[in-house]
Amino acid sequence: MYRFVLTRQWVFLTLMALALIPAMIELGFWQYHRHEHRVAQNQLIEANLRAKPVPMTEVTSPGHRVPRADFWRAVTATGTYDSAHEVVVRMRTDNDDKVGFHVLTPLVLSDGRVVLVNRGWVPGGDDPRAYPPVPTAPTGEVTVTGRLKADETSGGSGIKDRKGLPDRQVMLINSAQQAEYLGRTVLGGYLELTAPAPADGSPEPIADPDHDSIGPHMAYAVQWWLFTAAVPVGWVVLVRREKRERQEAAARAEASRQEPATA
């Protein structure tokens, strides 16, 4: 009664089930590795946010590519804001997902090198191509504290670096681009300002990165593995149902043959 599993339909069904099992196992491990990556990143963010701030000049230099291990690291810098060469970064959202601008102000160190400081978010005006109202940066020498961030690229951020933008507006925060614009030596990466906070709340400080949520990846991994276990179980259920239906059909056929003889 199990010879039907050798028919074309059942051979195809069996091969498809055998192909699904390793595929779903692999998908489960893919989600599990994403879960591990998220947990490790959360631990890194928390450790770097809690670490004692260090001078930015100790962890980066001109042309330096900030490694992932230093993302969100607490850093400090002392210098004078160059408000004349301040730019705004387009299409950025605040903590409530409203679209506006980030304010990027050069901080000139005592040795003439520059640290890019993202001072926070401001809303746009009525004209999206006009330079938005931006609170003036503090004058004189200041010491700022913030989170170290890597230079943004189109490949890493998914943001297209558009050309032909209005004056003093950019799409990406990139030290190489700003070095060309300023004609100065700029340290790699940038500082995302956390202190001192503006007295009137503008620019709006950028919130700490989320390092509590672990996402749904572990649940997805378990789901894929449960699906994997369900495949052979489902195959057995289908085989047994097919066998039962064939037995019932055979019994009906046998009964039909015996009825004329009995009559």
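As the structure is a prediction and not an experimental result, all values here were calculated from the model. FYI, the numbering just counts along the sequence from 1.
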Could you go through Tyr81 and Thr136, starting from their C-alpha distance and side-chain angles, then the distance that decides it, and tell me whether this counts as side-chain contact (heavy atoms from CB on, under 4.5 Å)? CA-CA 10 Å; Tyr81 279 122; Thr136 304; over 6 Å; no
Euclidean distance, Asn95 CG relative to Glu204 CD, rounded to 0.5 Å: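 Rounded to the nearest 0.5 Å, the CD-CG separation comes to 4.5 Å.
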Run the side-chain contact (heavy atoms from CB on, under 4.5 Å) test on Met91 and Val99 for me, step by step, so that the C-alpha distance in whole Å, both residues' side-chain angles and the decisive distance to 0.1 Å come before the verdict. CA-CA 6 Å; Met91 303 301 293; Val99 178; 4.2 Å; yes
With a 4.5 Å cut-off on side-chain heavy atoms, are Val144 and Pro196 touching?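 Yes, close enough: below the 4.5 Å cut-off.
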Inspect the surroundings of CD in Glu36 and state if more than 12 heavy atoms from other residues, nucleotides or ligands are less than 6.0 Å away.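 Above 12, so yes.
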Residue pair Ser175 / Gly189: nearest heavy atoms and the distance that separates them: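 Result for this residue pair: OG-N, 3.8 Å.
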Rounded to the nearest 0.5 Å, what separation is found between the CH2 atom of Trp235 and the CD1 atom of Ile21?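 With rounding to 0.5 Å, CH2 (Trp235) is 10.5 Å from CD1 (Ile21).
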Residue pair Pro209 / Ile45: nearest heavy atoms and the distance that separates them: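 For Pro209 and Ile45, the tightest heavy-atom pair comes out as CG-CG2, 3.6 Å.
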If we ignore hydrogens and angles and just use 3.5 Å, is the side chain of Asp96 paired with the main-chain N or O of Lys98 as donor and acceptor?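 Side chain of Asp96 to backbone of Lys98: no pair is present.
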Using a 6.0 Å cut-off, check whether atom OH of Tyr220 has over 12 heavy atoms from anything other than its own residue.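 For Tyr220, atom OH is not crowded (no more than 12 foreign heavy atoms under 6.0 Å).
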Search all heavy atoms of Leu104 against all heavy atoms of Asn118 and return the closest pair with its distance.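 The pair with the smallest heavy-atom distance is CD1-N, 3.9 Å.
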Without swapping roles, check the side chain of Arg68 against the backbone of Gln41 for a donor-acceptor pair under 3.5 Å.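 Pair absent, no side-chain N/O of Arg68 close to backbone of Gln41.
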Say whether Asp161 and Ser154, considering side chains only, have a donor N or O and an acceptor N or O under 3.5 Å apart.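 No, Ser154 and Asp161 have no side-chain donor paired with an acceptor closer than 3.5 Å.
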When you group the ILVMFWY residues by side-chain heavy-atom contacts below 4.5 Å and let the links chain together, are Ile214 and Trp30 in the same group?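 No, because Trp30 and Ile214 fall into different hydrophobic clusters, even though each may have its own neighbours under 4.5 Å.
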Evaluate side-chain contact (heavy atoms from CB on, under 4.5 Å) for Gln31 paired with Gln223, printing each intermediate quantity in order. CA-CA 10 Å; Gln31 290 289 352; Gln223 285 179 357; over 6 Å; no
Between the main-chain N or O of Ala130 and the side-chain N or O of Gln169, is there a donor-acceptor pair closer than 3.5 Å?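 Flag set: sc Gln169 to bb Ala130 pair under 3.5 Å.
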Taking all non-hydrogen atoms of both residues into account, name the closest pair between Thr139 and Val142 and its distance.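 Heavy atoms only, the tightest pair is O-CG1, 4.2 Å.
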Separation between NZ of Lys149 and CG of Asp151, rounded to the nearest 0.5 Å: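 So the NZ of Lys149 and the CG of Asp151 are separated by 11.0 Å.
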When the ring planes of Tyr32 and Trp225 are compared, do they come out parallel, tilted or perpendicular, using 30° and 60° as the limits?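 The rings of Tyr32 and Trp225 sit tilted, inter-plane angle from 30° to 60°.
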By ring-ring contact (aromatic ring centres under 6.0 Å, His included) - contacts of Trp72 (at least two apart):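 Per chain and number, Trp72 pairs via ring-ring contact (aromatic ring centres under 6.0 Å, His included) with no residue.
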Take His85 and Val114 through the test side-chain contact (heavy atoms from CB on, under 4.5 Å) and record every step on the way to the result. CA-CA 11 Å; His85 293 94; Val114 171; over 6 Å; no
In Å, rounded to the nearest 0.5 Å, how long is the span from CD1 of Ile206 to CH2 of Trp121?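 Atom-to-atom, Ile206:CD1 and Trp121:CH2 are 11.5 Å apart.
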Are side-chain heavy atoms of Glu46 and Asn42 found at a separation under 4.5 Å?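 Result no, sub-4.5 Å side-chain heavy-atom pair not found.
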From Leu107 CG over to Leu191 CG, what is the distance, rounded to the nearest 0.5 angstrom?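 Nearest 0.5 Å value for the CG-CG distance: 8.5 Å.
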Please answer whether the main-chain N or O of Thr78 pairs with a side-chain N or O of Glu141 as donor and acceptor at a distance below 3.5 Å.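 Between the backbone of Thr78 and the side chain of Glu141 there is no qualifying donor-acceptor contact (under 3.5 Å).
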Thr153 backbone acceptor or donor facing Asn174 side chain under 3.5 Å: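 Such a contact is absent between Asn174 side chain and Thr153 backbone.
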Linked, directly or transitively: Val170 and Leu172 (ILVMFWY side chains, under 4.5 Å):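 In one cluster with Val170: Leu172, no.
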Considering all heavy atoms, the nearest Pro132-Pro123 contact: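 Where Pro132 meets Pro123 most closely, the heavy atoms are CB-O, 3.7 Å.
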Considering all heavy atoms, the nearest Asn48-Phe71 contact: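 The answer is ND2-O, 2.7 Å.
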So, does Thr60 use its side chain to make a donor-acceptor pair with the main chain of Gly188 at under 3.5 Å?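 Answer holds: yes.
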Measure the spacing between OG1 of Thr105 and CD of Glu86 and express it to the nearest 0.5 Å.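 Thr105 OG1 to Glu86 CD: 3.5 Å, rounded to 0.5 Å.
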If you measure from the Lys or Arg side-chain nitrogens to the Asp or Glu carboxylate oxygens, is any gap between Arg92 and Glu152 under 4.0 Å?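 Salt bridge: yes.
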In terms of hydrophobic clusters joined by side-chain contacts under 4.5 Å, are Val87 and Phe101 together?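 No, separate clusters.
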Check: Thr145 main-chain N/O paired with Thr194 side-chain donor or acceptor under 3.5 Å: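 Yes; at least one donor-acceptor contact below 3.5 Å.
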Hey, is CZ on Arg168 packed in by over 12 heavy atoms from elsewhere, all under 6.0 Å?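 More than 12 heavy atoms, drawn from other residues, nucleotides or ligands, come within 6.0 Å of this atom.
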Are His37 and Arg34 side-chain neighbours, meaning at least one heavy-atom pair lies under 4.5 Å?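 Side chain of His37 against side chain of Arg34, heavy atoms only: no contact under 4.5 Å found.
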